[in-house]
Amino acid sequence: MSKLLEVRDLHVSFKTYNGEVKAVRGVTFDLEKGETLAIVGESGCGKSVTSQTIMRLIPNPPGFIKEGEILFEGDDLAKATEKQMEKIRGKEIAMIFQDPMTSLNPTMTVGAQIIEGLVRHQKMSKAEARNKAIEMLRLVGIPSPESRLAQYPHQFSGGMRQRAMIAIALACQPKILIADEPTTALDVTIQAQIIDLMKELQKKTGTAIILITHDLGVVADIADRVVVMYAGIVIETGKLDEIFYNPRHPYTWGLLGSMPRLDLRSDQKLLPIPGSPPDLISPPKGCPFAARCKYAMKICKEQMPERTDISSTHQVACWLEHPMAPDVKPPVAAVGGTKDE
Amino acid sequence: MSKTETQDKEVILSVKNLKKHFVVGGGQVVQAVDGVTFDVYRGETLGLVGESGCGKSTIGRTLIRLYGVTDGSVEFKGKNVHELKGQELRAFNRQMQMIFQDPYASLNPRMTVMDIIAEGIDIHGLASGEERRKRVIELLKVVGLNEEHADRFPHEFSGGQRQRIGIARALAVEPEFIIADEPISALDVSIQAQVVNLMKKLQKEQGLTYLFIAHDLSMVKYISDRVGVMYLGNLVELAGSDELYENPLHPYTEALLSAVPIPDPKTAKTRERIILEGDVPSPINPPSGCRFRTRCPKAMEICAKEIPQWKEAQPNHFVACHLYNE
């Protein structure tokens, strides 16, 4: 497979009254054609900022790209002009958001919002675009699309709105779909519908998906590869099975261990991560997770760990991987156990 | 003791045929809760799950008298809570407390943590002066905060810390029964586990009874002894939490359980999912008979005609579904 998108050492900051918030501090990852890459992490870890930076949606000021490259088919989006970005957004890279009510235009019919992109990017006539819009609504499972086309977003339910968003995003056959918490605002039964829809559409269209989420359950269901972020950096990345069955970073252990599993009996033990994430105005100079990490050593607080290769697809940034570090076993709760350690 | 041996336990709260309707204008009525019956035993955690708009929060708010009842009754320790007056009402207000979903909206931003936690202590005249301060500090320690936090304001705390303050406030009046309405939904996963473990620890130490309302089935199953499943204003199934997962009777419970994502790629790829068609109908004009019938893969003719009876289909396993008629 070939690389569609390469993000290299991306730094994004926001100027605020209190100082510079270093939201993304050196993020590197690739996206291959047709794959689903999940970026996981908790609020404030920089996952949404990263995805919005790829689309260049971060308002400047206050936000700005400090350094790094975003190579999309060889072109650096970090240096692209607004005019160049207009040709990329919606056509090459499309995005769907968490809250379909606030991201759809309430004053335009759903049909007009799909047609808009088609006329602009695909140079279709209004009539062609209308037919394509009907086809898209049918594709995302909206019943009687002809009449739905003339309706406004408020006439749609939450799940239907998210379907309409997906229809708008995929209408121009983008190469990449960025889905920022696409199911977080939805009920579980509707979430299941949307995840199934995304999987099915990906099979049909071959679009690569970047899925931003905090829900490891959704990740396990849909992703091929996973990037785990914490306090603006990538702490671990690997194939789905590598992250779930051979997690190496204590934060990944914590994430896996603090989620109860429905398929286990209720004697399972949760393993919370103590404390809370660091302040990104003055991030710690060492590993940002050190203050919450049970296994932290002296070096962790002093110096950022290097990225270590576990396999050709699995990298982790943790001092525990250093040959001199003590041998630490992940807690049982993190790797699918039911009993306490 | 196994979780199913609840029959010899003391019933602390008894809800019978509870109805709560809201008039929304234009002569329309939202039947938010429509005929719900269940008991809560002393010392247990009863989980209430369901999707948005199913009426789970309305039940919580009606139990604690934030809403009146449209029909039916709520009995707390044998007394109808909506008929309490004077001394008995004061006692009830102490014995039942609530923890809210949004730790940002539920703490007064102009009060110090000390005054927020002590508000109940002041109202009920439980302590004053040095004794009051000592009690607040003790409570802060119980929920994992410390003395220095007492004189700060809510905006100085993170979401997880604020939820701890909310818990300390609820505990301040030494309640017996706590209604927790989505207490962890606004928190990050790692922080959710902190708060849930704290609630479990407090329950063990103080013998508290919880009604835990949430939409996250995995977390509800983890914390609850028994779980009730709601759909569009009705309770459709109630059973021990492991029993409910291993042996769901109602088609809605089955679909709901199968839709919950499991953070394990192998399980996620192999398990069968029941994808429900369509959306939840409006509670203004709910379907006749069984309210789930419009989306039910197993719907029969009778489902449109008759409301299914709430019955104990198996020992300690209640369900309202025509599939289980004799």
Side-chain angles (χ1 to χ4, degrees), chain A residues 40-45 141 143 156-160 183 185-193 195-197 214-223 239-241 243-245 251 254-277 292 333 336, chain B residues 3 49-54 144 157-161 186-198 200 215-225 240-242 245-246 252 255-269 271 273-280 282 295:
Chain A
V40 299
E42 298 179 280
S43 33
C45 74
F156 281 53
S157 69
M160 284 296 165
T183 59
L186 305 174
D187 278 319
V188 272
T189 59
I190 310 296
Q191 169 173 290
Q193 292 175 359
I195 291 173
D196 267 32
L197 174 69
H214 68 278
D215 189 339
L216 288 168
V218 174
V219 173
D221 201 357
I222 190 170
K239 288 197 163 154
L240 186 64
D241 285 3
I243 296 295
F244 278 87
Y245 300 126
Y251 177 65
L255 272 187
L256 290 164
S258 56
M259 271 185 88
R261 280 183 50 175
L262 193 61
D263 56 336
L264 298 181
R265 287 195 76 98
S266 44
D267 55 0
Q268 59 185 309
K269 275 268 194 286
L270 286 195
L271 185 94
I273 308 173
S276 45
R292 301 173 78 188
Chain B
K3 285 179 177 173
V49 293
E51 300 180 278
S52 38
C54 71
F157 295 88
S158 67
Q161 286 175 320
L187 308 175
D188 271 320
V189 249
S190 69
I191 313 292
Q192 285 189 352
Q194 289 177 9
V195 172
V196 165
N197 281 0
L198 171 67
K200 275 197 151 182
H215 66 276
D216 178 348
L217 258 111
S218 320
M219 201 50 104
V220 168
K221 173 166 179 277
Y222 171 72
I223 195 175
S224 306
D225 300 302
S241 56
D242 287 331
Y245 180 75
E246 281 155 22
Y252 177 64
L256 194 62
L257 290 170
S258 83
V260 175
I262 289 178
D264 181 344
K266 279 179 197 143
T267 318
K269 298 227 153 69
R271 73 193 187 126
R273 292 227 305 228
I274 306 163
I275 304 278
L276 289 179
E277 302 276 313
D279 292 302
V280 182
S282 159
R295 299 172 79 198

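Hydrogens, waters and symmetry mates play no part in the numbers below; they use all other heavy atoms, side chains included. The chains referred to below are lettered A, B, ... by the order of the sequence lines, with proteins before strands, and numbering in each begins at 1.
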Tell me, side chain or backbone of [X] under 4.5 Å from chain A's heavy atoms, or both, or neither?
| X | value |
| --- | --- |
| Ile223(B) | neither |
| Gln192(B) | neither |
| Ile275(B) | side chain |
| Arg295(B) | side chain |

| request: For residues Leu240(A) and Lys269(B), determine if any side-chain heavy atom of one lies less than 4.5 Å from a side-chain heavy atom of the other. | output: yes
| Would a 4.5 Å heavy-atom cut-off, applied to side chains only, mark Pro265(B) and Tyr245(A) as touching? | yes
| field | Pairing residues for Glu246(B) by the side chain to side chain donor-acceptor pair (under 3.5 Å) criterion, not counting sequence neighbours | value | Arg265(A)
| said: Ring of Phe244(A), cation from Lys266(B) - is the NZ or CZ under 6.0 Å from the centre and inside 45° of the axis? | reply: no
Portion of [X] that has a non-hydrogen atom of chain B nearer than 4.5 angstrom:
| X | result |
| --- | --- |
| Ile190(A) | both |
| Gln191(A) | side chain |
| Val188(A) | both |

Looking only at heavy atoms and a cut-off of under 4.5 Å, which of [options] has the most pairs with chain A?
| options | answer |
| --- | --- |
| Asp264(B), Val280(B), Leu256(B), Val189(B) | Asp264(B) |
| Ala268(B), Ser218(B), Pro263(B) | Pro263(B) |
| Ser158(B), Ala193(B), Ala255(B) | Ala193(B) |
| Asn197(B), Thr267(B), Val195(B) | Asn197(B) |

| request: Please answer whether the main-chain N or O of Ile273(A) pairs with a side-chain N or O of Gln194(B) as donor and acceptor at a distance below 3.5 Å. | output: yes
| Salt bridge present between Lys239(A) and Asp241(A) (N-O < 4.0 angstrom) | no
| Are Arg273(B) and Asp196(A) within salt-bridge range, i.e. N to O under 4.0 Å? | yes
| request: Go through the structure and list residues passing ring pair (Phe, Tyr, Trp, His ring centres under 6.0 Å) with Phe157(B), not counting sequence neighbours. | output: His149(B)
| Which residue out of Leu186(A), Asp221(A), Leu216(A), Val218(A) racks up the most heavy-atom pairs below 4.5 Å with chain B? | Asp221(A)
